[in-house]
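Working notes for the structure below.
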There are 2 protein chains.
Amino acid sequence: MSSIRVVLFEDNFHLRESLYFLIGAEPDMECVGAFADCSGLEAQITAAKPDVILMDIEMPGMNGIEAVGQIKRVFPDIPVLMQTIFQDDEHIFNALCAGASGYLLKSADAHHYLQAIRDVRQGGAPMSGPVARRVLELFQKNVKPELRNDYELTQKEKEVLAELIEGKSFKMIADSLGISYETVRSHMKSIYAKLHVHSNTEAVIKALKERIV
Amino acid sequence: MSSIRVVLFEDNFHLRESLYFLIGAEPDMECVGAFADCSGLEAQITAAKPDVILMDIEMPGMNGIEAVGQIKRVFPDIPVLMQTIFQDDEHIFNALCAGASGYLLKSADAHHYLQAIRDVRQGGAPMSGPVARRVLELFQKNVKPELRNDYELTQKEKEVLAELIEGKSFKMIADSLGISYETVRSHMKSIYAKLHVHSNTEAVIKALKERIV
DNA sequence: GGTTCCATCACCCTTTTGTGGGATGCCTCT
DNA sequence: AGAGGCATCCCACAAAAGGGTGATGGAACC
């Protein structure tokens, strides 16, 4: 394959220059543009004809996420790699939903950047470890809700767990289910055993994450 | 981190042996089990106590996807890496929904296998290029971001809350954040105030449901 | 140079949970 | 009739969490 043409958008001067030279030094890629903001975005891309775009999220003016959206509307086939320090759901969501083809955390070292560029060029979707994991989890949660296991909880145990997820204490659960405090505790014991957890909190986490109840 | 304990399930004798020696030769990992099928799955895992499981999909008897499902029910915290020649949506889908933490195509070379094992051990979700891209595409179709408010939690409070929804106790949080037990409690108090809740459990529920942290 | 957060830690006391034993009666299946 | 699972309750002790109050140092903001 011929040299990979890369354009980068990054407002930090040092990082931009570093990436520029880093990419230029690779035999199989060249940096055909490096910009500090997204003014003139479309014209610059039209002129540079990049194979891959590296896009920072936090930038003055138009931010990287809006930029991806715009790029994808005009140049749907150019893959865009996000690079950012944010790894919260919202940024990941927005960036990926806007059409990004990869998501790198800035903690990634130089080698990873270059590898990611090659990867995305070849049809991959490079994502830093924690991001990939998060995407997977969201993926696993959102799709196929029918594939849930209920850990063989009995009806009553499910009721108790459901109340627990309402945020109630054992006493409140006893009240609202019309059973005694001790019975609630008893049910909790078997819930813990079946879910392999050792606390109220862990049970709630597991129940919510795996959509039991 | 201590040596990564790997167990592998692979019916092809040559590949199994190759992987066994390959893993064994790495200074930071050891292969504590290599099996040709999934009979006695649970007992073998209990005995080997692996940190990571490498699982082939196409196997006689129980296939790798069913196996993942079973493993995840009993050992939800052990990450399972799928390795297979299939890259159709159906296989990817089923494997990931069953709980796999990564998906490698067998075309990946030895280095990629080892790197993927390290990656998944550190919370990543290694996926071969085309698979990652496909997951991303499915993700982009399925998930929409929603608005969240963070209740103005401080950085530290978010960290504590994050640990909490890992299922940790106050003591464990104190340890892993390197602060004292009393400080954790102190942060918890302000978290409660800001979230308008009065217990550990309620805080976790709110955090998970509203995607804070 | 004071004010306001924030992160840190401490002490006291109460309440809630976790764990390990029980026990009883009611089903259902065999 | 017996076995097993389930729901129901009880007790006792230990561990964890909740609530109040207060103190210190640092950074940030006027």
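A note on names: the letters A, B, ... follow the listed sequences, proteins ahead of strands, and every chain is numbered from 1. Atom set for the values below is all heavy atoms of this structure, side chains included, hydrogens, waters and symmetry mates excluded.
For the pair B/Lys171 NZ and C/dG18 P, the interatomic distance rounds to 14 Å; values are reported in whole Å. Atom C1' of nucleotide D/dG20 and atom NE2 of B/His198 are separated by 14 Å, given to the nearest angstrom. Regarding B/Glu202, its CD atom lies at a distance of 13 Å from the C1' atom of C/dT16, rounded to whole Å. Distance A/Met188 CE to D/dT8 P: 15 Å, rounded to the nearest Å. Note: NZ (A/Lys158) to C1' (D/dA7) measures 16 Å, nearest angstrom. Atom CD1 in B/Ile191 sits about 14 Å away from atom C1' in D/dA17, given to the nearest Å. The distance between atom NZ of A/Lys194 and atom P of D/dG5, rounded to the nearest whole Å, is 10 Å. For the pair B/Gln155 CD and C/dA7 P, the computed distance is 8 Å after rounding to whole Å.
No donor-acceptor contact under 3.5 Å links the side chain of B/Lys189 to the base of D/dG18. At a cut-off of 3.5 angstrom, the base of C/dC9 holds at least one donor-acceptor pair with the side chain of B/Ser186. Judged by distance alone with a 3.5 Å cut-off, no donor-acceptor contact links the side chain of A/Arg185 to the base of D/dT8. Side-chain atoms of A/Glu182 and base atoms of D/dC11 include a donor and an acceptor less than 3.5 Å apart.
Distance from the side chain of A/Thr154 is smallest to D/dA7 among C/dG18, C/dT8, D/dA7. Picking from D/dG18, D/dA16, C/dA7 the nucleotide with the shortest atom distance to the side chain of B/Ser169 gives D/dA16. Distance from the side chain of B/Thr183 is smallest for C/dT8 among the nucleotides C/dT8, D/dG18, C/dG18. Looking at the side chain of A/His187, the nearest of the listed nucleotides D/dT8, D/dA16, C/dG18 is D/dT8. Of the candidate nucleotides C/dT19, C/dT8, D/dG18, C/dT8 has the atom nearest to the side chain of B/Lys156. Residue B/Ser180 has its side chain nearest to C/dA10 when only C/dT17, C/dA10, D/dA17 are considered. The listed nucleotides are D/dC9, C/dC6, D/dG18; the one nearest the side chain of A/Ile179 is D/dC9.
For D/dC9, the OP1/OP2 oxygens have no side-chain nitrogen or oxygen of A/Tyr181 closer than 4.0 Å.
Axis orientation changes by 50° from one end of the helix from C/dG1-D/dC30 to C/dT30-D/dA1 to the other, with each end axis drawn from 5 pairs and the value rounded to 10°.
Separation of atoms CG (B/Leu177) and CD (B/Glu159) is listed at 6.0 Å; rounding is to 0.5 Å. We find the CD1-CD distance between A/Ile23 and A/Glu30 to be 10.5 Å, quoted to the nearest 0.5 Å.
Residue A/Phe170 is classed as a sugar-phosphate contact, given heavy-atom separations below 4.0 Å to backbone atoms only.
With sequence neighbours excluded, no residue forms a salt bridge (Lys or Arg N to Asp or Glu O under 4.0 Å) with A/Asp11.
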**Request:** Verify side chain to side chain donor-acceptor pair (under 3.5 Å) between B/Ser186 and B/Thr183, making sure each step is shown before the conclusion.
**Result:** CA-CA 5 Å; B/Ser186 190; B/Thr183 305; over 6 Å; no

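Contact record, A/Gln83 with A/Phe9: NE2-O, 4.1 Å, taken as the closest heavy-atom pair. When all heavy atoms are compared, the tightest approach of B/Thr154 to B/Glu157 is N-OE1, 2.8 Å. Contact record, A/Ala34 with A/Tyr20: CB-CD1, 4.0 Å, taken as the closest heavy-atom pair.
Ionic pairing of B/Lys168 and A/Glu202 is not present here: no N-O contact between side-chain nitrogen and carboxylate oxygen is shorter than 4.0 angstrom.
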